Amino acid sequence: MNSLSPLRPALLWHFFRQICAIPHPSKHETALRDWISSWAETEGLALQQDRIGNLVIRKPATAGREACRGIILQAHLDMVPQKNADTEHDFLTDPIEAYVDGDWVTARGTTLGADNGIGMAACLAVLASDDLEHGPLEVLLTTDEEAGMTGAFGLEPGLLQGDMLLNTDSEQEGEVYMGCAGGVDANIRLAFSTDPVPDNYQAFRLELTGLRGGHSGCDIHRGRGNANKLLCRLLLAIGKSCALRLVSIEGGSLRNAIPREAAVVLMVAADETDNLRTAVQASGALFSEELAAVEPALNLVLTPVAQPATVMDSDAQRRLIRALTACPDGVIRMSDSVAGVVETSINLGVISTTDSAVIVQCLIRSLRDSGREQVEQMIAALFGLAGAEVSFDGAYPGWQPDNDSVALTLVQETYQELFATRPEVMVIHAGLECGLFKNAYPHWDMVSFGPTIRFPHSPDEQVHIASVNRFWQLLVAVLGRMTR
């Protein structure tokens, strides 16, 4: 990561390099939290950790600014762990290998963690700086945002004293966010029994790889391929020309990332292997043609494998393939009130197979609770008809826009002063923590902004270097303006 050393602002990039060096995937943030705590204590900053693992660091106001309004800077500690199939990387032990690629910083075969590592680095840089003017300052670093918003759910009333929160988890410089979608996890379990392997059948592993994936909120409207959906479509095509038997199906790794890869172990009669290859080749060509503009690296690989001990019973196989094929995925409805913004969506994120069941995880998002509930009903009805068990958990509310927000006006006016243009005011179709913060702190005035990050939640993730500098300028200027 030496190539990051010349980047400016130097202090922010210094902290980002340190964040990259310490593994911190969701639910494994302890090492990074401990390093930040140790650093804060060395700096003489007041430090508090709550029972859930959130970290609060306090910095006194600049001399003479003690009576100014208290500001909270907020970021989350964890990152999404995604890597390419051919990348050897252990997210629990290995550092992120970040490097400069033209105007961008990216990582070698893995997610970069700019979401939300750049925002976190900015918060730490503000704490470390001795030449910034600000009022009473608190930094809130929440735990497990990407995998369940555990920190935001568990945030306790009375822990923080400020009343204006600047969230740093947005991903397009020049845009200021004043609202976000809520969401809920759909958990599906379809049980199956097993049958003996039919006589004269041959086993294959069929893999679909090379998709771009991406954030299941920010990228859901971009028309990218979902590996799980494409693989199920392929299974239907194979079933028309072969007596197909399923052994297992796996796809995706996170319910909040669009699946980039999926694989199935299947069996066909020995005299139908040519039909199988023909079906795979035809579907591969069709998918490549349909998705040429967004998925140029789509790839299907069919490989003979050792004979399994059993196959899935044919009735469960039939119900599973039909239900997954019918499962909605992508944009359900666009917003009528906010032009160009997705109102409701669903991501068929993860499929896995145990000895006795196929487990499916979806993430439903909506700006409206009623939209989320409508898709819950669709999923419950569909998979109920297929004989599956369906449950929903982790529901979190959206962040409703406040047109009277002082924080929003402050950021807009500061941006205009700095860059001679007005930022776009946006509502994001992603799960920012701000909606949940309102449960414990209903009086908070909140706004979200950040640098430009492309392809978050995928190994193609990259952050625009110049936008990081503008993000930093805006953050510093907003803090200073609050002392006027």
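Everything numeric here is computed off the predicted structure, so don't read it as measured data. All values below come from the heavy atoms of this structure, side chains included, with hydrogens, waters and symmetry mates left out.
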Next on the checklist: Regarding Lys27 and Asp144, does a basic nitrogen lie under 4.0 Å from an acidic carboxylate oxygen?
Outcome noted: yes
Checklist outcome for this item: On a heavy-atom basis, the closest approach of Leu32 and Leu77 is CD2-O, 3.7 Å
Checklist entry - More than 12 foreign heavy atoms under 6.0 Å from CD of Gln307: is that the case here? => result yes
Checklist entry - Can Thr303 and Val301 be said to form a side-chain contact (heavy atoms from CB on, under 4.5 Å), step by step? => result CA-CA 6 Å; Thr303 308; Val301 178; 3.6 Å; yes
Item to check | Residue that, paired with Leu140, satisfies side chain to side chain contact (heavy atoms under 4.5 Å, CB included) out of Glu433, Gln74, His76 | outcome: Gln74
Checklist entry - Are more than 12 heavy atoms from other residues, nucleotides or ligands located less than 6.0 Å from atom CD of Gln281? => result no
Next on the checklist: Any heavy-atom pair between the side chains of His457 and Glu146 that's under 4.5 Å?
Outcome noted: yes
Next on the checklist: Within this structure, what is the OG-CD distance for the pair Ser37 and Gln48, rounded to the nearest 0.5 Å?
Outcome noted: 11.5 Å
Item to check | Nearest heavy atoms of Leu208 and Leu230, plus distance in Å | outcome: CD1-CB, 3.6 Å
Next on the checklist: Under 3.5 Å, is there a donor on one side chain and an acceptor on the other for Arg260 and Asn84?
Outcome noted: yes
Item to check | No-hydrogen, no-angle side-chain donor-acceptor test under 3.5 Å, Glu171 and Thr452 | outcome: no
Item to check | Which atom of Ala147 lies closest to which atom of Asp78, heavy atoms considered | outcome: N-OD2, 4.1 Å
Checklist entry - Would you say Ile72 and Trp444 make side-chain contact, with heavy atoms under 4.5 Å? => result yes
Next on the checklist: Do Val184 and Glu376 make a side-chain contact, defined as non-hydrogen atoms from C-beta onward lying under 4.5 Å apart?
Outcome noted: yes
Next on the checklist: Taking the side chain as everything from C-beta on, heavy atoms only, tell me whether Trp399 gets closer than 4.5 Å to Ser448.
Outcome noted: yes
Next on the checklist: Any heavy-atom pair between the side chains of Gln82 and Ser458 that's under 4.5 Å?
Outcome noted: no
Next on the checklist: What's the separation between atom CG in Asn167 and atom CZ in Phe449, rounded to the nearest 0.5 Å?
Outcome noted: 9.0 Å
Checklist entry - Taking NZ, NE, NH1 and NH2 as the nitrogens, is one of them in Arg454 or Asp460 under 4.0 Å from a carboxylate oxygen of the other? => result no
Checklist entry - Taking atom types as modelled, is there a side-chain donor on Asn256 or Ser216 under 3.5 Å from an acceptor on the other? => result no
Checklist entry - Quick one: do the Glu97 and Tyr99 side chains pair a donor with an acceptor below 3.5 Å? => result no
Item to check | Sidechain N-carboxylate O distance under 4.0 Å for Glu343, Arg368 | outcome: yes
Checklist entry - CG of Leu166 to CE of Met446: how many Å apart, nearest 0.5 Å? => result 11.0 Å
Checklist outcome for this item: Separation between OG (Ser193) and CE (Met312), nearest 0.5 Å, reads 10.0 Å
Next on the checklist: Could you walk me through whether Asp445 and Ser405 satisfy the side-chain hydrogen bond (donor to acceptor under 3.5 Å, both in side chains) test, starting with their C-alpha distance in whole Å, then the side-chain angles of each, then the deciding distance to 0.1 Å, before giving a yes or no?
Outcome noted: CA-CA 6 Å; Asp445 187 2; Ser405 168; 2.6 Å; yes
Checklist entry - What distance do Cys180 atom SG and Arg365 atom CZ have between them, rounded to the nearest 0.5 Å? => result 9.5 Å
Checklist entry - Got a second to check how far Ile36's CD1 is from Phe15's CZ, nearest 0.5 Å? => result 9.0 Å
Item to check | Step-by-step side-chain contact (heavy atoms from CB on, under 4.5 Å) determination, Arg33 to Gln49 | outcome: CA-CA 9 Å; Arg33 183 169 47 235; Gln49 181 177 321; 3.6 Å; yes
Next on the checklist: Within the 3.5 Å criterion, strictly below it, is a donor on Thr344 or Ser366 matched to an acceptor on the partner's side chain?
Outcome noted: yes
Checklist entry - When you check the gap from the basic side-chain N to the acidic O, do Arg212 and Asp219 get nearer than 4.0 Å? => result no
Next on the checklist: Looking at Lys83 and Asp86, is any side-chain nitrogen of the basic one under 4.0 Å from a carboxylate oxygen of the acidic one?
Outcome noted: no
Checklist entry - Which heavy-atom pair separates Ala262 from Asn228 by the least distance, and what is that distance? => result CB-OD1, 3.8 Å
Checklist entry - Thr168 and Asn116: which non-hydrogen atoms are nearest, and at how many Å? => result O-ND2, 2.9 Å
Checklist entry - Hey, does Val311 have a side-chain heavy atom less than 4.5 Å from the side chain of Leu246? => result no
Checklist entry - Side chains of Leu235 and Leu266: closer than 4.5 Å at any heavy-atom pair? => result yes
Item to check | Min side-chain heavy-atom separation Leu382-Cys327 under 4.5 Å | outcome: yes
Item to check | Electrostatic pair Glu290-Arg233, nearest N-O below 4.0 angstrom | outcome: yes
Checklist entry - Counting only heavy atoms not in Asp199, do more than 12 sit closer than 6.0 Å to its CG atom? => result no
Item to check | Derivation of the side-chain contact (heavy atoms from CB on, under 4.5 Å) call for Arg108 and Ile96 | outcome: CA-CA 8 Å; Arg108 301 192 190 281; Ile96 299 298; over 6 Å; no
Checklist entry - Sub-3.5 Å donor-acceptor pair from the side chain of Gln361 to the main-chain atoms of Ile351, do we have one? => result no
Checklist entry - Which heavy-atom pair separates Ala98 from Leu112 by the least distance, and what is that distance? => result CB-CD1, 3.7 Å
Item to check | Atom CG of Asp393 with >12 non-hydrogen neighbours under 6.0 angstrom | outcome: yes
Checklist outcome for this item: side chain to side chain contact (heavy atoms under 4.5 Å, CB included) with Phe204: of Val247, Thr273, Val265, only one passes, and it is Thr273
